[in-house]
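The structure appears below as structure tokens.
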Amino acid sequence: MKKYKNIDIDLKDRSYRIVINDNIQETLFGVLSEIISRPKVFIVTDENVAGFVLPAIRKILDDEKIETQVIILPPGEKSKSFAQLEGLIEELLNLKIERQDTLIALGGGVIGDLVGFTASIIFRGIDFIQIPTTLLSQVDSSVGGKTAINMANGKNLVGAFYQPKAVIADVSLLVTLPHREIVSGYAEVIKYAVLGNKKFFKWLKHNQQGILKLNTDLLVKAVSTSCEMKARIVEKDESEKGSRALLNLGHTFGHAIENKLNNDGPGILHGEAVGFGMCLSAQLSNQMNLCTTSEVNEIINLIKDAGISTNISELNYNLEANEIISILSRDKKRKDNKSTLILLNGIGEAFIKDGVDDNTIKEFLLSVGFN
Ligand code: GLY
């Protein structure tokens with residue numbers, strides 16, 4: 001099987017290519033040479049990534065006589081802050097960055113979101129490239145132009161839609177990730193199947209263990225199918241006025257659970273929360289007679305077999321329905337004091353359900369074991 005896949009995302013003058021492969025060395029210069037207007041780039045990465053992939057990337061750029069400045073930030077969600085944004089911009093200005101220079105975001109979703117937002121505002125916008133190094137960022141955050149930082153009031157509250165000039169996703173970079181991080185990213189892969197691709201769902205059922213063991217051919221197919229689906233959705237609705245919201249399947253419940261467990265509980269990774277949230281969306285769809293019990297069980301079993309908690313008892317935390325409702329009430333996607341949820345008419349048939357009231361959600365949560 002060919003270990004390369006290019007996906008073009010058509011957004012008029014903001015169009016770009018997503019290159020999926022297993023050897024960034026072979027593609028980096030080719031991609032860069034089509035984008036950069038002078039041989040100088042600024043790489044922003046974090047301490048975890050700097051050790052293993054940065055030296056190889058620097059060598060390619062040195063060999064091609066591209067001047068490289070590197071900024072290494074601390075890892076973790078705390079870097080998505082106003083303070084870090086200001087610090088990064090000051091550092092870039094001190095390094096004499098100019099309008100025609102290109103920023104490279106080398107890392108996971110935190111780096112991608114922070115660097116993308118920086119690129120969108122420095123000099124009113126400069127070019128940037130995403131080189132995602134986690135499965136989660138390869139299949140989701142590096143594609144589609146959502147950039148943001150967090151506020152005390154919630155995650156991703158300040159940001160911009162700002163598309164990169166290219167995305168290079170090298171699946172061989174994933175080998176150093178802890179298995180739990182792989183599983184977390186893989187939950188977003190399942191999301192694409194559940195929201196709009198039953199054939200992909202069946203393929204995942206047969207190939208999930210190989211993907212999670214990082215079989216390269218399977219990973220290239222899983223990442224490229226996910227990116228292809230995201231590209232087509234973003235082309236139709238770049239700024240999430242409508243159908244892009246389908247990508248939030250599992251996220252409304254997932255974010256609320258993430259918020260609770262990460263603020264005063266045992267902690268949970270984003271994809272784990274999304275996986276759990278997808279189970280809730282499927283169960284609620286079933287209670288509303290939209291989706292059959294056997295399809296709900298298929299979804300839950302796939303998520304469970306990947307190693308993600310699917311039942312509240314496995315979260316080892318006392319989750320109260322009222323607390324979840326109170327977190328939902330602060331959701332930036334809420335309209336007229338009611339929640340918008342992504343529900344399912346079946347596997348591969350997600351739709352946007354506006355106007356779900358808090359009582360309906362509360363009764364549902366109590367029925368699946370929330371207190
Ligand atoms: N992560 C969801 C989106 O990009 O719309």
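Whatever order the structure lists ligands and atoms in, that order sets their numbers, starting from 1.
Atom CD1 of I20 and atom OG of S224 lie 5.0 Å apart (nearest 0.5 Å).
The residues R38 and E98 are annotated as salt-bridged, a charged nitrogen and a carboxylate oxygen being separated by less than 4.0 angstrom.
Ring geometry for F276 against F370 counts as tilted: the plane angle lies between 30° and 60°, on a 0 to 90° scale. The aromatic rings of H255 and H251 stand perpendicular to each other, their planes meeting at an angle above 60°, with 30° marking the opposite boundary.
For a heavy-atom separation below 4.0 Å, the residues in contact with ligand 1 are D140, K146, K230, E240, R244, L247.
The closest side-chain heavy-atom distance from L28 to I131 is below 4.5 Å. F42 has its side chain within reach of Q69: a pair of non-hydrogen atoms, C-beta onward, lies under 4.5 Å apart.
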